[in-house]
Student: 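First, the structure itself, so that you have it in front of you.
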Amino acid sequence: MNISRMLYPFQTRPVLNHKALFTDMTENFVSPMEPEADSVVTIRFRTAEKNVDGVRCISRDWQSEMKVVETIEGFDYYEAQLWIGHEPLEYYFEIHSGKIEAVYDSRGLAKKNGKYRPFVLKPDCVTPEWSKGAIMYQIFIDRFCNGDKTNDVRDGEYCYLGGKSRQIKDWDKPPELFDVNEFYGGDLQGVINKLPYLKELGIEAIYFNPLFVSPSSHKYDIQDYDYIDPHIGIIVVDDRTKLTEKDTDNKHAAGYIKRVTDKRNLEAGNALFIELVEKAHAEGIKVIIDGVFNHCGSFNKWLDRECIYEDAEGYEDGAFISKESPYNKFFEFKENDWPYNESYDGWWGHDTLPKLNYEGSKALYNYILHVAEKWVSPPYNADGWRLDVAADLGHSPEFNHRFWKDFRSVVKKANPNAVIIAEHYGNPESWLNGDQWDTVMNYDAFMEPVTWFLTGMQKHSDEFREDLLNNAEAFWKSMKKNSAHFTAGELMCAMNELSNHDHSRFMTRTNRKVGRLDTLGSDAASEGINKAVMREAVLMQMTWIGAPTIYYGDEAGVCGFTDPDNRRTYPWGHEDNELIDFHRALIRIRKENDELRHGSLIRLLSKHGVIAYARFMKHDVSIIVVNNNEHDVQICIKAQMAGVPRKCSMKRLILTHDVTFTTEPYDYQVEAGMISLRMGRTSAMILKKRSRENER
């Protein structure tokens, strides 16, 4: 008998445990996570204990044999030290176990065919530490809180887009279909007054929609980049003149002209912003402002189509008024037709949104860079910019990349800890190389996958897709594909929103009604909503990689179709206090468990309507389970794959179900590395396991 054949079964390793293979680009597996150029980086890879013969880290021009450096809870951790120069370091892994060879790349286990998507580590690609996983709160200023009624926009103060300005007396009235002329009176003083509320909620950063002088309630039509709008700031000198009933000529809008051109009002508004930032910082809250640099507004002092500045003291003629204007090249005119030249280029053809002509004016280019620097510098000290339609700025991608490199340079020189967040849809990789944006508003790798899975709704409520509702595999596929476009740091500071000023409120999406304000009416936005699904979404938001960003009022139960209906006022005095308490509890849990902010994320379960995942660091593990079905489910989760001991107990930190939520602790037993759960309908929970040395 062949003795070697008899010994063969005892000499081979167990079958390769594919599910134990894991690495990512968080600080658990890459150190430092955001390395400098010309430095050493430590790369780690996890396998099941004594399950493989070797692991190699492979790049384009070299490969490095990795060594086991420690064994924790049934896993071997392999390590290699690599040199990173000035170019991105691309790498993947080969795992050898007997005659089996496996490849692991940024997508996970891959076919051994040479077509890999490597991990990409970018030198000098550093994002502000405070922004990684920060709890953010978005405020649409006119609709948050009216703290100073003396600065309110008056009825008939001026005319815009064919209608007179309107002061809304009923704070709780839903917005009209056309609401750019409607003003509820929210202002900076209102935010100052509510800072204790935001602090107590657990907010770490405020993101403001535009605050600069603008004629609309949304303020994406900037009139003056140098000053806070006095209507949300302070009116020091006033003129109560308003347009007569039949007059629509803003040359006669003396009250408005006084308010927005008098430097005493403008300086007072800027001083109030300084006060707000100082008070926010004192509470540990950062402040991010909105930069609308692709276009301005027809009221803008550089164009002055409405002749607001034509006779105002201390202002040059606008480009609309005079060909000799110093701002003539700030815009692209199609005809030589002065004075009052209407032939300028408008963004998407809108003459109220003049396109800024960066390629035609170095003075404009430099001035916007001045604006970028000004607001993140003393005495204003904003903590960053959110950039509106950032990729549309110029007339070519090449120009845009150059501009944003210069923008980043001046911002980071003025304030190295300022964050730069862009509005962007699709793959952002070309903008995220440590030399332009820090990150983006995370539509593709958060808002959309979560929305489709939990509601089956498109983010504007324009479509319902039953095939995506509860489709766990589609959820994971979308998350994996789109998350791969980011480095770990870029993903950690990406804005993870459920709602915002451009899309329907998430609470409204839970009713699965397809339509908008003009087709269904405002009442329909709150009919048939499912708060349990909303709570599931918030629990995912607070446990996913990124910066959870609450759209003001979402935590209080505000509903609304896409804009303008999503811009309803915060319901002071009739909030959904239970939902606020739920947000507060989850924010506290996130802050108390650092793996929820900085940890790795691993998929544990995927079945119809049910997902489970873990966030883990070396000593701490949280497991998140979501059952979005309308019925109970019995599930078993391989908790050991997240580093949980084979036999232990896990403490439930929070449970939300179809009726309410609870933070009452409850212990679940892990047996043979598995945890068995019965999850109620539309429920979600967080389970926690700490290592012995970290027990509290």
Side-chain angles (χ1 to χ4, degrees), residues 23-45 57-64 79-93 104-108 116-133 384-385 387 390-391 397-398 400-409 411-413 416-422 424 426-442 444-445 479-495 545-547 598-601:
T23 190
D24 63 13
M25 300 187 72
T26 67
E27 59 192 24
N28 292 328
F29 295 92
V30 178
S31 179
M33 189 177 74
E34 295 179 327
E36 297 178 354
D38 294 330
S39 66
V40 175
V41 184
T42 300
I43 306 292
R44 290 163 66 92
F45 189 86
C57 184
I58 300 176
S59 187
R60 190 178 306 155
D61 303 317
W62 51 259
Q63 54 183 275
S64 177
E79 191 172 285
Q81 291 189 323
L82 310 178
W83 178 263
I84 185 168
H86 289 267
E87 298 298 323
L89 174 63
E90 298 184 356
Y91 61 92
Y92 63 94
F93 301 89
Y104 195 100
D105 66 10
S106 64
R107 298 164 296 185
Y116 309 133
R117 183 180 177 94
F119 294 92
V120 181
L121 194 58
K122 303 173 184 176
D124 297 327
C125 187
V126 180
T127 54
E129 194 62 33
W130 68 264
S131 68
K132 294 181 176 73
W385 287 99
L387 307 174
E398 294 76 18
N400 291 343
H401 285 299
R402 178 161 63 87
F403 177 85
W404 292 122
K405 288 176 182 178
D406 289 343
F407 183 94
R408 181 184 182 89
S409 179
V411 168
K412 297 292 185 174
K413 184 177 180 181
N417 287 317
V419 70
I420 301 173
I421 304 173
H424 187 73
N427 186 345
E429 285 180 300
S430 66
W431 309 94
L432 301 180
N433 292 306
D435 60 353
Q436 296 170 78
W437 313 334
D438 284 315
T439 191
V440 297
M441 302 174 77
N442 198 5
D444 296 323
M479 282 295 196
K480 178 177 285 188
K481 173 186 174 183
N482 292 303
S483 295
H485 298 317
F486 300 83
T487 65
E490 292 161 352
L491 193 58
M492 284 179 178
C493 59
M495 277 186 177
I545 295 178
H598 295 115
S600 299
L601 188 152

Student: Within this structure, what is the OG-CD1 distance for the pair S131 and I420, rounded to the nearest 0.5 Å?
Tutor: 11.0 Å
Student: Check the pair D435 / K122 against salt bridge (charged side-chain N to carboxylate O under 4.0 Å, His left out), numbers first and verdict last.
Tutor: CA-CA 11 Å; D435 60 353; K122 303 173 184 176; over 6 Å; no
Student: About how many Å separate CZ of R44 and CZ of F93, when rounded to the nearest 0.5 Å?
Tutor: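 Going from CZ on F93 over to CZ on R44, the span is 11.5 Å.
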Student: Is a donor from one side chain sitting under 3.5 angstrom from an acceptor on the other, for E34 and T127?
Tutor: yes
Student: Do M495 and N442 have side-chain heavy atoms sitting under 4.5 Å apart?
Tutor: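 M495 does not reach N442 side chain to side chain.
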Student: I need the minimum non-hydrogen distance between T26 and S600, along with the two atoms involved.
Tutor: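 Where T26 meets S600 most closely, the heavy atoms are OG1-OG, 2.9 Å.
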Student: Say you draw a straight line from CZ of R402 to CD of Q436; how long is it, rounded to the nearest 0.5 Å?
Tutor: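 Between atom CZ of R402 and atom CD of Q436 there are 12.0 Å.
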Student: Just how far is it from atom CD1 of I58 to atom OH of Y116, taken to the nearest 0.5 Å?
Tutor: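 Here the interatomic distance stands at 8.0 Å.
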Student: If I compare all heavy atoms of T439 with all of C493, which pair ends up nearest, and what's the gap?
Tutor: CG2-O, 3.3 Å
Student: Any side-chain to backbone donor/acceptor pair from S59 onto E90? Under 3.5 Å, distance only.
Tutor: yes
Student: Check whether E490 reaches the backbone of V440 with its side chain - one donor and one acceptor, N or O, closer than 3.5 Å.
Tutor: no
Student: Q63: what forms a side-chain hydrogen bond (donor to acceptor under 3.5 Å, both in side chains) with it, not counting sequence neighbours?
Tutor: R56
Student: With a sphere of 6.0 Å drawn around NZ of K481, does it hold more than 12 non-hydrogen atoms of other residues, nucleotides or ligands?
Tutor: no
Student: Where do W62 and C57 come nearest, in terms of heavy atoms and distance?
Tutor: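 It is CZ3-O, 3.5 Å.
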Student: Answer whether the closest heavy-atom distance between the side chains of H401 and N433 falls below 4.5 Å.
Tutor: no
Student: Report the residues that fulfil side-chain hydrogen bond (donor to acceptor under 3.5 Å, both in side chains) with N427, sequence neighbours left out, ordered by chain and then residue number.
Tutor: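 Per chain and number, N427 pairs via side-chain hydrogen bond (donor to acceptor under 3.5 Å, both in side chains) with E429, H485.
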Student: Provide the closest heavy-atom pair for L432 versus C125 in the form atom of the first, atom of the second, distance.
Tutor: O-SG, 4.3 Å
Student: Between the main-chain N or O of A391 and the side-chain N or O of N400, is there a donor-acceptor pair closer than 3.5 Å?
Tutor: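 It does hold such a pair.
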Student: Under a 4.5 Å cut-off applied to non-hydrogen side-chain atoms, are W83 and D38 in contact?
Tutor: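 W83 reaches D38 side chain to side chain.
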Student: Could you grab the distance from atom NE2 of H424 to atom OG of S430, nearest 0.5 Å is fine?
Tutor: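 OG of S430 is found 6.5 Å from NE2 of H424.
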Student: Is there a donor-acceptor pair closer than 3.5 Å between any side-chain N or O of S106 and the backbone N or O of R117?
Tutor: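 Yes, S106 side chain to R117 backbone: donor-acceptor pair under 3.5 Å.
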Student: Short question: side chain of D105, backbone of P118 - any donor-acceptor pair under 3.5 Å?
Tutor: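 Side chain of D105 to backbone of P118, a donor-acceptor pair under 3.5 Å: no, none is there.
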Student: Between the main-chain N or O of W437 and the side-chain N or O of W404, is there a donor-acceptor pair closer than 3.5 Å?
Tutor: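 Such a contact is absent between W404 side chain and W437 backbone.
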Student: Considering all heavy atoms of both residues, which atom of Y92 and which atom of Y104 are nearest to each other, and what is their separation?
Tutor: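 For Y92 and Y104, the tightest heavy-atom pair comes out as CB-O, 3.5 Å.
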Student: Could you check whether any side-chain heavy atom of F119 comes within less than 4.5 Å of a side-chain heavy atom of V30, counting everything from C-beta outward?
Tutor: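 A side-chain contact under 4.5 Å is absent here.
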Student: Could you measure the distance from the CG atom of L121 to the CE atom of M25? Nearest 0.5 Å is fine.
Tutor: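 Reported to 0.5 Å precision, the distance equals 4.5 Å.
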Student: For L82 and I43, work out which heavy atoms get closest and say how close.
Tutor: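 Of all heavy-atom pairs spanning L82 and I43, the closest is CD1-CG1, 3.4 Å.
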Student: Just one of M492, K132, H598 clears the side chain to side chain contact (heavy atoms under 4.5 Å, CB included) bar with I545, so which one?
Tutor: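 That would be M492; it is the only one of M492, K132, H598 passing the side chain to side chain contact (heavy atoms under 4.5 Å, CB included) with I545.
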